[in-house]
Protein chains: 2
Amino acid sequence: MASAAVGKAQKGKEARPEAQVAGWPGADGPPQAPSPDTFRLCCLNVNGLRSATSKGLMPWLHAENPDVVCLQELRIQTDQLEAAHRAPTGWTSAQADAEKKGYSGASVWTRLPVRGQPSVRCGLPLADLEGRYCRVDTAELSVVSLYVPSGSSGEERQGVKDSFLGDLRSLMDRLAAEGRPMVVCGDINIAHTEEDIHNAKSNKDSSGFLPHERAWMTELLASGWVDLWRAHHPGERGYSWWSNRGQARALDRGWRIDYLLCTPDLAARATRCWLQGRSPALSDHAAVWADFRRL
Amino acid sequence: MASAAVGKAQKGKEARPEAQVAGWPGADGPPQAPSPDTFRLCCLNVNGLRSATSKGLMPWLHAENPDVVCLQELRIQTDQLEAAHRAPTGWTSAQADAEKKGYSGASVWTRLPVRGQPSVRCGLPLADLEGRYCRVDTAELSVVSLYVPSGSSGEERQGVKDSFLGDLRSLMDRLAAEGRPMVVCGDINIAHTEEDIHNAKSNKDSSGFLPHERAWMTELLASGWVDLWRAHHPGERGYSWWSNRGQARALDRGWRIDYLLCTPDLAARATRCWLQGRSPALSDHAAVWADFRRL
DNA sequence: CTTGCAAAG
DNA sequence: CTTTTCAAG
């Protein structure tokens with residue numbers, strides 16, 4: 001079962017006195033005020049929060065100034081977090097942990113006023129056990145950070161992924177039925193169309209671009225969820241993940257597998273959506289960003 | 001059972017063409033000729049041959065110019081060796097492998113003419129299984145590279161060490177009975193007297209300085225084996241290992257646990273014996289060196 | 001505190 | 001190829 005850590009960002013429990021400033025750890029100056037008419041959201045698979053932190057995640061967030069941050073593949077449990085890995089003081093943070101150390105994990109950080117209790121449970125056994133779902137509600141919207149299992153390490157894990165996707169479909173239906181403006185942010189581990197992968201031909205049998213996975217995505221979008229980056233960039237190529245074999249990243253041979261999946265009402269409030277991540281390389285994924293009009 | 005790799009140094013089996021010069025890998029210039037009247041021996045626990053190589057082991061050996069090298073704790077199996085980890089071409093090398101990857105292992109390299117077959121078996125089951133014994137004979141002497149198990153990780157491993165020491169005592173008797181000039185070089189994992197440890201008082205209950213271990217060493221020396229460094233440095237303090245906790249090495253808070261154990265006839269031919277290793281720090285151990293008169 | 005392996009992506 | 005854990009020293 002997932003251990004749940006929900007609440008305001010806290011100081012390190014070891015009581016080692018660390019200078020805790022009201023801003024992003026390691027960044028200079030005070031945090032910037034939220035923009036008056038819009039808020040900004042960032043979604044990133046960090047491939048290890050400790051690793052990304054060591055590569056400058058926090059100063060980068062400070063500079064880019066998001067109001068909501070959704071992270072996946074933290075590979076650190078809540079009780080291992082040090083000050084350097086935490087949202088600024090005053091932010092709300094919620095984190096879903098995997099039972100297994102150094103594995104999976106998802107979180108949401110926000111400075112928007114929060115409504116109700118964050119949730120790290122969605123009823124999908126695998127998501128709950130492996131820290132793949134984390135939700136925070138605000139007056140403006142509901143935000144979910146989601147991490148779909150990879151199927152690339154073999155048949156067994158592909159089976160796990162397929163079963164997860166089946167359950168996820170029902171979950172997405174239930175979420176949409178709530179009727180709230182909502183964004184499900186995360187690493188879906190599927191490139192949808194031939195425009196979402198650098199080489200469709202050579203990857204036609206690769207996990208993440210299998211016909212049934214692509215069809216799953218098509219059906220999800222047909223049900224009303226909006227692939228926000230694609231809605232803002234029709235016909236364009238943009239990737240959010242590069243293999244770390246060979247020169248994949250340098251040659252921009254990537255896949256777009258990280259999505260902001262929005263309800264139509266929220267999608268209509270997006271003023272901009274962009275991918276950022278070939279540089280700085282904070283992880284093997286790019287961040288997906290969006291600005292939304294406030295209500 | 002130990003896998004045995006015995007024979008001349010070979011090129012990498014992957015047939016990747018690597019510039020193989022007749023000298024220490026990574027060192028400039030040709031290997032030096034042996035000294036005319038003496039030969040030089042080096043004994044070092046490398047704590048990972050790959051790690052020590054990355055810290056400059058090979059250029060250092062090139063500069064120090066040994067004729068015989070005994071290494072322990074290689075933490076690499078023979079079939080994983082690349083050119084960078086091998087003795088110069090033309091040297092004889094023998095290596096005892098542990099069954100378990102990344103664990104233990106001992107080797108002897110020499111440019112002296114070799115007599116008979118190197119041996120990586122001594123009949124001690126643990127030594128044979130864990131690559132703790134490697135022997136090469138030359139006309140001048142017999143050389144054994146030996147790695148006694150550590151007892152520091154708990155009661156169970158202390159029991160293994162004690163039983164190993166019991167068997168080792170009989171093995172040393174048998175080796176001495178061969179009547180050849182012989183040196184057993186290695187990490188014995190025992191500091192013999194209070195002069196062989198920086199803080200005898202605080203370590204009186206530490207594995208490696210337990211009364212029965214020290215007594216074992218006393219009895220071994222009483223049976224005729226010579227602790228060569230001590231024979232050349234009576235009353236002196238000298239260490240061959242430093243914990244990597246705290247500032248042990250910087251403060252020279254060490255233990256002398258690496259020995260050249262010589263038969264009396266060979267000990268009489270030693271012209272010099274020294275410890276070298278607080279710098280350069282190629283591993284957490286120092287090397288033990290000696291020069292011997294040729295026959 | 002360090003090495004090297006393992007599992008996973 | 002990378003991150004993190006693990007056993008061992």
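Naming: A, B, ... by sequence-line order, numbering from 1 per chain. This one's a predicted model, so the numbers in the text were calculated from it and none came from an experiment.
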### Query
Within a strict 4.5 Å, meaning less than it, do heavy atoms of the A/R230 and A/H192 side chains meet?
no
### Task
Take the angle between the ring planes of A/W60 and A/W289 and call it parallel below 30°, perpendicular above 60°, tilted in between.
perpendicular
### Query
Is B/R121 close enough and on-axis enough to B/Y133, meaning under 6.0 Å and within 45°, for cation-pi?
no
### Query
Just by modelled atom types, is the A/G159 backbone N or O under 3.5 Å from a matching donor or acceptor in the A/S163 side chain?
no
### Query
Which part of the nucleic acid, if any, lies within reach of A/K55 when heavy atoms closer than 4.0 Å are counted: base, sugar-phosphate only, or nothing?
sugar-phosphate
### Message
For the backbone of A/S207 and the side chain of A/S152, can you confirm whether one donor and one acceptor N or O come within less than 3.5 Å of each other?
### Response
no
### Message
Any carboxylate oxygen within less than 4.0 angstrom of a Lys/Arg side-chain nitrogen, looking at B/R214 and B/D196?
### Response
no
#### Entry: Gap between atoms CH2 and P, on B/W241 and C/dT2 respectively (whole Å)
14 Å
### Query
Which residue, A/L74 or A/G246, contacts DNA chain D at a nucleotide closer to its 5' end, judged by nearest heavy atom?
A/G246
### Query
Without hydrogens or angle criteria, can the side chains of B/D97 and B/Q77 be said to hold a donor-acceptor pair below 3.5 Å?
no
Strictly under 3.5 Å: I want the nitrogen or oxygen pairs between protein and nucleotides 6-9 of chain C, one per line.
{"from": "C/dA8", "atom 1": "OP1", "to": "A/K100", "atom 2": "NZ", "distance (Å)": "3.4"}
{"from": "C/dG9", "atom 1": "OP1", "to": "A/Y103", "atom 2": "OH", "distance (Å)": "2.5"}
{"from": "C/dG9", "atom 1": "OP2", "to": "A/S153", "atom 2": "OG", "distance (Å)": "3.3"}

### Task
Using only heavy-atom distances, determine whether the side chains of A/R75 and A/N47 contain a donor-acceptor pair under 3.5 Å.
yes
### Query
Which two nucleotides bound the region of DNA chain D that has atoms under 4.0 Å from heavy atoms of chain B, read 5' to 3'?
D/dA8 to D/dG9
